[in-house]
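Since the model is a prediction, treat every value here as computed from it, not as a measurement. Numbers restart at 1 for each chain; the letters A, B, ... are given by sequence-line order, proteins then strands.
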Amino acid sequence: MEEILSVKDLEIQFTLRGKTLTPIRKVSLELYKGETLAIAGESGSGKTVLTKTFIGMLDNNGKITGGQILFDGKDLTTYKTEKQWLTIRGRRISMVFQDPMTSLNPLKTIGEQIRESMILHNIVPKDKSKGRVIELLNDVGIPDAINRYSNYPHQFSGGMRQRVVIAIAMACQPDILICDEPTTALDVTIQAQIIDLIKSLQKKLGITVIYITHDLGVVAEVADRVAIMYAGEFVEVGTAEEVFFDPRHPYTWALLSSLPQFGEKGKDLYTIEGVPPNLFKVIVGDAFAPRNRYALEVDFAAAPPYFKVSETHKAKTWLLDPRSPKIEPPETIAKLKAGDF
Amino acid sequence: MIERNALLKVENMSVTFGTGRKRVEAVKNVSFEVFRGETFSLVGESGSGKTTIGRTIVRLNQINNGRVLFDDKVISGKISRELQSKVVRKIQMIFQDPMASLNDRAKVDYIVGEGLINAGICKSKQELNERVSRSLMDVGLLPEFASRFPHEFSGGQRQRIGIARALVMEPEFIIADEPISALDVSIRAQVLNLLNKFKRERGLSYLFIAHDLSVVKFIADRIGVIYGGQLVELCYTQRLFEKPLHPYTKNLLTAAPIPDPRRARNRSAIVYDPTQHDYSKERPLLTEIEQGHLVLANSKELESYKRDL
Ligand SMILES: Nc1ncnc2c1ncn2[C@@H]1O[C@H](COP(=O)(O)OP(=O)(O)OP(=O)(O)O)[C@@H](O)[C@H]1O
Ligand SMILES: [Mg+2]
């Protein structure tokens, strides 16, 4: 497998009212060409902050304080100017956000908006651009594209708007498409259609996809590989099969077990009590320890390293240390493996 | 079957918005019952009319046709002030977006106690404070939180505040409109457990509105599937998952995410095209096809659904 992007020991900090918080704590990640990597984790874990740095869109009060982002032989953490970023953002790496309305200009027709992004990147000569836009609208499944070209965003339904945003993201045929919760605001039926669209675009164009979501049902559907994020770190990374059927990190267990799909009538659902750690503070030990019902003493003292489970699977938990007591994952994990739900 | 006691009855509810050419029929002739101690769920896509039904029950929307009965009394249309205040107390709503539904400039004690104050239920400030504290504790929040503002809480905590605000009125019936859609997975489970707990301990009944059948499977006793303002199928939860009949129900079921990569990858959602029905000769009716299982169909469709059973 060919690496298309790799993140090494990346650390990000924000300054907020004179105080510093660290939402990304020494994160490393490899992204392989043509794959779909899902990043899952609860709200505030750092999924968006991390991936926004790949397109130079870190908020103004944020700074990369360590590490590298290697893409196409270059270290993106050294990019400073908008001119440099324009060679990457929208052109090589594109991002689709949760709320399509925030990415669209309500005052411009959608055709114009797509055309502009093509012209900005000199993808097509001006006189050919309209035809290309219509082709693209067809590709993302917008019926009657010729007439739809001159419609405004508010004339589209939520699902159709998200298709338009995907069209804009795909306008320059990027190598990597980052989808940040693209369907969270949508109904299940529409969600299924958007997921199918992303999958079919990927197949057709061979792009690499990073799919961010907190819904593990969606993860199961899209992901070749899964990276589970907690408090600014990846706590478990593996193929979809490994993470769903042989998860090793108690946080992954908890995320999977709390899905309502595993609920039994009359019984309580599995829950994760407590709240994620305060990122303004230095985290001692394993960040998940205070909420972890399987926490060991050592978890409160020292952060665990990654333990390798297989060539493709690793987890950051002391439970994998040979000296640790053997602990069985919750029942739901066995159920999941047996497909019994 | 023993006759069960319906707490809420919706009979032939129709709701229209606008007039003339802009007139839309948001709810069309919808009927269902919610029994005491039951969670009844309405499921359908956005714009299908689910929220309008909930809002019409609590009289936030006007009913154009039909009626609503609560505790055997008609509570729709013109009603006495006495009954009106009973509806305000006994039926509470929980909304989708905990942030938007809470007044961000008011402190938690005011947010939670507002209903009590408006209804003039408490005799003293002390009684009010006590009831607010108790309600906060009921949902697993500390009474100290009363003096804080909503934005100082996490999403799950804010949704708990919304639930506390409903519970403080000691309702019998709660309409929960997508109460967990905006929440993180890890918090969803907490909120669902909480709703179930109050059902068990206080015999509360719920109308639980959602778009995702996989969530509803756990919480609902019975489910009504709604499309374009009409009920297309109504059934016990387990049976609906075993034997969905209406093509729209099948669409919803096959579109719901499955947390299993083997199954999820091979999933193909059954598409629903509302023009697939031929109702030119005979209109469809919501018909009981087996005990407790109703489906919207004309006689030809009914025949084929019967063969599927
Ligand atoms: N501009 C900013 N200034 C200060 N803190 C920020 C800023 N942007 C994000 N954060 C903080 O960084 C952390 C990670 O946020 P991020 O948006 O990446 O989370 P996420 O995993 O994408 O969550 P969600 O699922 O809610 O989208 C959070 O604690 C967040 O509050
Ligand atoms: Mg995010």
Side-chain angles (χ1 to χ4, degrees), chain A residues 40-45 157-159 183-193 195-196 199 213-224 226 239-241 243-245 251 254-273 275-276 291 336-337 339 341, chain B residues 39 43-48 140 153-157 180-194 196-197 199-200 210-221 227 237-238 248 251-272:
Chain A
E42 73 199 273
S43 185
S45 56
S157 66
T183 62
T184 309
L186 304 172
D187 286 341
V188 278
T189 315
I190 313 294
Q191 165 170 296
Q193 292 167 5
I195 290 173
D196 285 345
K199 286 206 267 193
T213 174
H214 65 249
D215 187 338
L216 290 169
V218 174
V219 172
E221 193 155 320
V222 299
D224 299 310
V226 183
T239 64
E241 277 79 4
V243 172
F244 277 85
F245 303 137
Y251 182 62
L255 272 187
L256 286 167
S257 301
S258 60
L259 288 171
Q261 283 95 329
F262 297 123
E264 281 176 55
K265 276 271 162 59
K267 281 198 197 158
D268 270 352
L269 285 171
Y270 192 102
T271 55
I272 312 175
E273 298 304 327
V275 291
R291 305 171 76 186
L336 220 171
K337 197 167 177 179
F341 61 91
Chain B
T39 301
V43 183
E45 65 189 3
S46 80
S48 60
F153 294 93
S154 71
Q157 287 173 323
I180 60 164
S181 307
L183 300 178
D184 221 70
V185 257
S186 56
I187 308 166
R188 285 184 177 185
Q190 295 174 9
V191 172
L192 290 177
N193 284 349
L194 206 57
N196 265 345
K197 176 176 161 213
K199 176 177 165 183
R200 252 189 344 255
H211 69 257
D212 186 345
L213 267 173
S214 60
V215 167
V216 161
K217 185 178 184 184
F218 168 70
I219 191 115
D221 299 302
Y227 183 85
T237 302
Q238 199 190 341
Y248 180 62
N251 165 263
L252 275 184
L253 275 174
T254 52
I258 320 165
D260 176 341
R262 289 166 304 207
R263 277 197 262 163
R265 283 185 198 137
N266 299 320
R267 183 184 64 89
S268 61
I270 295 173
V271 181
Y272 176 58

Give, as side chain, backbone, both or neither, the part of [X] having an atom under 4.5 angstrom from any heavy atom of chain A.
| X | result |
| --- | --- |
| Ala210(B) | neither |
| Asn251(B) | side chain |
| Leu192(B) | side chain |

Nearest non-hydrogen partners of [X] and [Y], listed with the distance:
| X | Y | result |
| --- | --- | --- |
| Pro257(B) | Gln261(A) | O-NE2, 3.0 Å |
| Arg200(B) | Asp268(A) | NH1-OD1, 4.0 Å |
| Thr271(A) | Gln190(B) | CG2-N, 3.7 Å |
| Pro260(A) | Phe218(B) | O-CB, 3.7 Å |

Relative to chain B, which segment of [X] carries a heavy atom at a distance below 4.5 Å: side chain, backbone, both, or neither?
| X | value |
| --- | --- |
| Phe341(A) | both |
| Leu255(A) | side chain |
| Ala223(A) | backbone |
| Leu256(A) | neither |
| Glu264(A) | backbone |
| Leu259(A) | side chain |

Between Ala40(A), Ala240(A), Gly44(A), Ser157(A), which residue shows the highest count of heavy-atom pairs closer than 4.5 Å to chain B?
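Of the options given, most contacts go to Ala240(A).
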Largest heavy-atom contact set with chain A, pairs under 4.5 Å, which of Ala189(B), Ala255(B), Pro261(B)
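Ranked by heavy-atom pairs under 4.5 Å with chain A, first place is Pro261(B).
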Residue selection (most heavy-atom pairs with chain A, distance under 4.5 Å) from Arg262(B), Gln238(B), Lys197(B), Arg263(B):
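Of Arg262(B), Gln238(B), Lys197(B), Arg263(B), Arg262(B) has the most heavy-atom pairs under 4.5 Å with chain A.
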What is the distance from atom [atom1] of [X] to atom [atom2] of [Y], rounded to the nearest 0.5 Å?
| X | Y | atom1 | atom2 | value |
| --- | --- | --- | --- | --- |
| Arg188(B) | His214(A) | CZ | NE2 | 5.0 Å |
| Thr189(A) | Ile270(B) | OG1 | CD1 | 12.0 Å |
| Leu194(B) | Leu269(A) | CG | CG | 12.0 Å |
| Asp260(B) | Glu241(A) | CG | CD | 9.0 Å |

Could you check whether any side-chain N or O of Glu45(B) sits under 3.5 Å from a backbone N or O of Ile190(A), counting only pairs where one atom can act as donor and the other as acceptor?
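No, the answer is negative, given that no donor and acceptor are paired below the 3.5 Å cut-off.
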Taking Glu221(A) for its side chain and Ile258(B) for its backbone only, find out whether a donor-acceptor pair lies under 3.5 Å.
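Judged by distance alone, no pair lies under 3.5 Å.
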With a 4.5 Å limit on heavy-atom distance, are the side chains of Lys265(A) and Thr237(B) in contact?
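Yes. Closest side-chain heavy atoms under 4.5 Å.
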